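Below you'll find the structure, written out as structure tokens, and then a few comments.
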Amino acid sequence: MFAVATVLGIVGIVMLFRLRSDTVTERQTYAFRMIGIMLTSGAIVLAMSAAAMWQWSTEI
């Protein structure tokens with residue numbers, strides 16, 4: 001799950017950094033902003049969930 005969270009986070013951050021380009025159209029700006037924020041927040045939530053499950057599975 002950590003690997004999936006990493007991939008989601010990287011793709012989301014790359015999409016948000018693409019907004020800095022001058023060649024991005026108005027439609028691409030909307031799409032990159034929405035998808036980038038959703039992927040980045042999904043990565044954060046998935047990483048927190050994976051860490052919590054890992055901690056619970058190692059408790060005795």
Side-chain angles (χ1 to χ4, degrees):
M1 285 177 53
F2 285 117
V4 175
T6 302
V7 171
L8 289 177
I10 290 170
V11 173
I13 290 170
V14 167
M15 291 188 86
L16 291 173
F17 276 123
R18 284 277 320 267
L19 292 171
R20 296 176 60 132
S21 173
D22 292 334
T23 61
V24 177
T25 66
E26 187 175 329
R27 290 181 182 186
Q28 287 175 330
T29 300
Y30 177 77
F32 289 169
R33 194 177 290 157
M34 291 298 293
I35 296 169
I37 290 171
M38 294 297 266
L39 288 176
T40 306
S41 62
I44 292 168
V45 170
L46 185 60
M48 290 188 324
S49 175
M53 281 197 265
W54 188 14
Q55 180 184 5
W56 293 333
S57 68
T58 59
E59 289 180 1
I60 296 177

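Values in this document were obtained by computation on a predicted structure and should not be read as measured data.
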If you link I, L, V, M, F, W and Y whenever their side-chain heavy atoms are under 4.5 Å apart, who else ends up in the same group as Ile44?
-> Met48

Linking I/L/V/M/F/W/Y whenever their side-chain heavy atoms sit closer than 4.5 Å, directly or via other members, would Phe17 and Met15 fall into one cluster?
-> no

Is a side-chain donor or acceptor of Thr6 paired with a backbone partner of Phe2 at a separation under 3.5 angstrom?
-> yes

List, by chain and number, the other hydrophobic cluster members for Met34, where Ile, Leu, Val, Met, Phe, Trp and Tyr join if side-chain heavy atoms come within less than 4.5 Å, directly or indirectly.
-> Tyr30

Between CE of Met53 and CE of Met1, what distance do you get to the nearest 0.5 Å?
-> 3.5 Å

Write down the atom of Leu16, the atom of Thr40, and the distance for their closest heavy-atom approach.
-> CD1-OG1, 4.0 Å

Which atom names give the shortest non-hydrogen contact between Ala43 and Gly9, and what distance separates them?
-> CB-N, 3.4 Å

Treat each ILVMFWY residue as a node, draw an edge where side-chain heavy atoms are under 4.5 Å apart, and state whether Val45 and Val4 are in one component.
-> no

Co-membership, hydrophobic cluster, residues Phe32 and Ile10, 4.5 Å side-chain = no

Could you pull out all residues at least two apart from Met38 that satisfy side chain to side chain contact (heavy atoms under 4.5 Å, CB included)?
-> none

Rounded to the nearest 0.5 Å, what separation is found between the CG atom of Leu8 and the CD1 atom of Ile13?
-> 11.0 Å

